[in-house]
Amino acid sequence: MTDTLTPAPDPAARANSLRQQPDTRGHFGDYGGRYVAETLMPLILELDRAYRSARQDPAFKAQFDDLLEHYVGRPSPLYYAERLTETLRQSAAPEMGAQVWFKRDELNHTGAHKINNCVGQILLAIRMGKTRIIAETGAGQHGVATATVCARFGLPCVIYMGAKDVERQQPNVFRMKLLGAEVRAVESGARTLKDAMNEALRDWVANVHDTFYIIGTAAGPHPYPELVRDFQSVIGREARAQLLDRTGRLPDLLVAAIGGGSNAIGLFHPFLDDDVAMLGVEAAGEGLEAKHAASLAGGFPGVLHGNKTYLLQDDDGQIAEAHSISAGLDYPGIGPEHAWLKDIGRVDYTAVTDREALDAFQLLCRTEGIIPALEPSHAIAAVAQRAKDMPADRIILANLCGRGDKDIFTVAEALGVSM
Amino acid sequence: MTRLADAFAKGRAALVCFVTAGDPDAAATPAILDALVAGGADVIELGMPFTDPMADGPAIQAANIRSLAAGTRTADILRIATDFRARHPDVPLVLMGYANPMLRRGPAWFAAALRDAGVDGVICVDVPAEEDEALGPSLRDAGVAMIRLATPTTVGERIGEVLAGADGFLYYVSVAGITGKQQAVQASIEEAVARLKAATDLPVAVGFGVRTPEQAGAIARVADGVVVGSAIVELVARHGAAAAGPVTAYVQSLAAAIAATVEAREITA
């Protein structure tokens with residue numbers, strides 16, 4: 001089984017490492033931090049202490065590793081997408097067209113990478129003596145993963161979900177209910193992910209004594225961006241070892257879709273000190289000049305939901321409504337470590353439209369027999385664009401962070417098919 | 001003495017009244033602020049609307065939405081403040097809101113704009129002591145008070161951390177929760193105020209869930225200030241641009257209950 005929570009390397013030996021963020025106050029450069037109401041601050045500090053202690057505890061690590069192996073089904077496979085690679089080469093110049101490999105996190109229990117983080121956080125919640133779990137969800141994948149671990153450990157669970165997302169993600173709403181969770185549809189604001197997060201924070205502030213908030217992405221107040229990243233870094237650590245084992249080399253380019261950015265940071269982080277290029281793919285929605293969800297491409301630094309990061313906002317700091325065909329990317333912010341990695345130039349970020357993601361969705365279905373979620377379809381679209389400009393001996397490793405069963409109704413509607 | 005210090009030195013608890021700026025629209029706010037003063041408010045707390053007011057309950061959330069839907073901009077709020085200062089040279093005015101609208105053009109810009117508008121202090125929900133650097137130094141340079149919040153979870157060593165750099169008054173949020181929902185038990189308020197007053201010379205004002213004159217009077221007996229918000233915002237929601245009359249009458253009822261605590265004290269003496 002892979003080593004899932006490696007203690008940080010000796011800082012003195014890695015003085016120039018990009019893997020030593022955040023600082024003790026949760027800052028990634030200028031981003032991150034703990035911008036929360038005073039009521040939550042003591043709990044945030046307690047969570048930080050509990051997480052430091054858990055990281056050093058071999059029993060915590062052993063339980064986490066065991067659940068990931070036998071409950072989640074890790075390690076997930078690393079797959080060489082031969083037909084996709086060949087198909088993309090047909091439109092490339094001779095000797096061009098990189099190999100495309102996928103980290104198959106869509107094969108995890110519950111169908112996405114979200115479960116990795118939920119396993120880690122519920123173990124923390126239990127360690128802290130909390131008896132009630134809340135979470136927000138966009139596409140419903142994090143809600144399903146949270147409801148799943150709550151069922152597994154017998155804790156009551158309330159999932160906040162924007163009313164608009166409830167409408168467009170009915171299969172996941174039903175899954176959560178089957179798993180015993182209470183799903184509360186949030187009618188405020190834009191009725192999507194950010195409003196669900198506001199409502200979860202309102203619940204938390206009123207129930208700090210017994211409630212643990214399982215945040216679904218690598219954002220929120222410190223230490224959430226750090227601990228979510230650490231729990232998701234199993235993706236990158238496995239992928240790194242698997243590719244070395246299969247090819248004897250590291251990839252040339254990593255690609256991952258970004259909403260809040262947890263699957264991307266989970267893939268990227270173990271490679272940050274390597275000579276490997278990285279590309280994060282935001283949702284350009286109907287286009288960057290129209291409605292979209294690309295906070296790095298179209299936003300400015302600001303403070304929301306406990307952290308400082310890039311946000312879609314107007315000149316007065318009012319948060320803009322995000323738009324993406326993918327409910328999981330429909331958020332006007334991004335995890336603070338991505339904001340920092342963008343500013344220092346370590347990771348490139350691009351954006352892919354709804355239409356391009358739909359094309360990539362169909363491309364993967366037909367070339368590889370894999371129905372991807374709309375979130376990683378954005379990554380696949382970027383892979384298709386980049387692969388043809390790279391020599392044929394280069395390797396692109398992309399994260400297939402979720403499966404598409406939940407999205408077939410949305411895709412059918414977008415393609416004008418009535419079911 | 002500053003305007004804020006004067007407001008808390010009247011021999012009775014100060015009445016702090018909150019409304020959301022631009023609710024129902026920016027043109028209506030000046031008359032509502034005047035109504036608060038006419039009713040006997042000692043400190044005006046003007047809410048800066050935000051799209052994502054995650055510490056607020058339904059009443060103030062709705063006020064934020066009404067204000068933004070009416071097109072209220074930061075420039076409108078600064079103009080409302082400047083005009084208020086011209087009409088009421090001695091009534092302290094503090095802005096309450098969330099970090100992002102305050103920081104959008106940079107903390108120094110915001111602090112200077114508030115100084116120029118005659119704003120006395122700022123309550124920022126999501127800039128806790130740990131992130132003071134984001135806003136606190138700029139406000140202090142501009143002579144604007146950084147008013148800190150203490151809550152039922154602010155205990156032990158944390159009280160000192162919250163008080164470091166705090167100015168104007170200390171706002172005790174008596175309920176672990178959002179605005180306007182439930183009221184705290186009086187005994188818990190008395191215990192918390194005593195704990196906080198032992199740690200600071202700043203006046204301690206108590207808010208969240210205060211809506212009746214009886215509650216205001218009870219808090220006024222133990223604290224230096226009483227904050228009322230959601231109940232006033234609900235009057236504005238009901239009466240809109242015609243809210244001035246009902247608001248004045250309501251604030252008068254609160255002020256009378258607080259004044260009665262002084263008479264009670266004098267009789268006892």
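Computation of the quantities below employed the complete heavy-atom set of this structure, encompassing side-chain atoms and omitting hydrogens, waters and symmetry-equivalent molecules.
Only the side chain of A:L45 comes within contact range of chain B, with at least one heavy atom under 4.5 Å from a heavy atom of that chain. Heavy atoms of A:S188 lying under 4.5 Å from chain B belong exclusively to its side chain. Looking at B:I178, the atoms closer than 4.5 Å to chain A (heavy atoms on both sides) sit in the backbone and in the side chain alike. Heavy atoms closer than 4.5 Å to chain B are found in the side chain of A:H27, but not in its backbone.
When A:P42, A:G33, A:G302 are compared by the number of non-hydrogen pairs under 4.5 Å with chain B, A:P42 comes out ahead. Contact tally against chain A (heavy-atom pairs below 4.5 Å) for B:D56, B:V175, B:T51: the top residue is B:T51. Among B:T74, B:V162, B:L103, the residue making the largest number of heavy-atom pairs under 4.5 Å with chain A is B:T74.
Contact residues of residues 148-160 of chain B toward chain A are B:L149, B:A150, B:T151, B:T153, B:T154, B:R158 (heavy-atom distance under 4.5 Å). When the heavy atoms of residues 61-71 of chain B are compared with those of chain A, the residues falling under 4.5 Å are B:Q61, B:L68, listed by number. Heavy-atom proximity under 4.5 angstrom to chain A picks out nothing from residues 106-114 of chain B. Contacts between residues 123-137 of chain B and chain A, counted as heavy-atom pairs separated by less than 4.5 Å, involve B:V125, B:D126, B:V127, B:P128, B:E130, B:E131, B:E133, B:A134.
At least one donor-acceptor pair closer than 3.5 Å links the side chain of B:R104 to the backbone N or O of A:D314.
Atom CG of B:D201 sits in a sparse spot, with 12 or fewer heavy atoms from other residues, nucleotides or ligands closer than 6.0 Å.
Residues B:R73 and A:D315 meet the side-chain proximity criterion, which asks for heavy atoms closer than 4.5 Å. Contact annotation: the side chain of A:R202 approaches that of B:P53 to within less than 4.5 Å [non-hydrogen atoms, C-beta and beyond]. A heavy-atom distance below 4.5 Å is found between the side chains of A:I319 and B:F50.
Under the 4.0 Å criterion applied to side-chain N and carboxylate O atoms, A:D316 and B:R105 are assigned as salt-bridge partners.
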> Under the side-chain contact (heavy atoms from CB on, under 4.5 Å) criterion, do B:Y98 and A:L304 qualify, and how do the steps go?
Replying inline: CA-CA 9 Å; B:Y98 294 83; A:L304 182 68; over 6 Å; no
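The distance from the CE atom of B:M54 to the CG atom of A:D195 is 11.5 Å, given to the nearest 0.5 Å. The CD atom of A:E38 sits 13.5 Å away from the OH atom of B:Y171 when rounded to the nearest 0.5 Å. For the atom pair A:N198 CG and B:D52 CG, the distance stands at 4.5 Å (nearest 0.5 Å).
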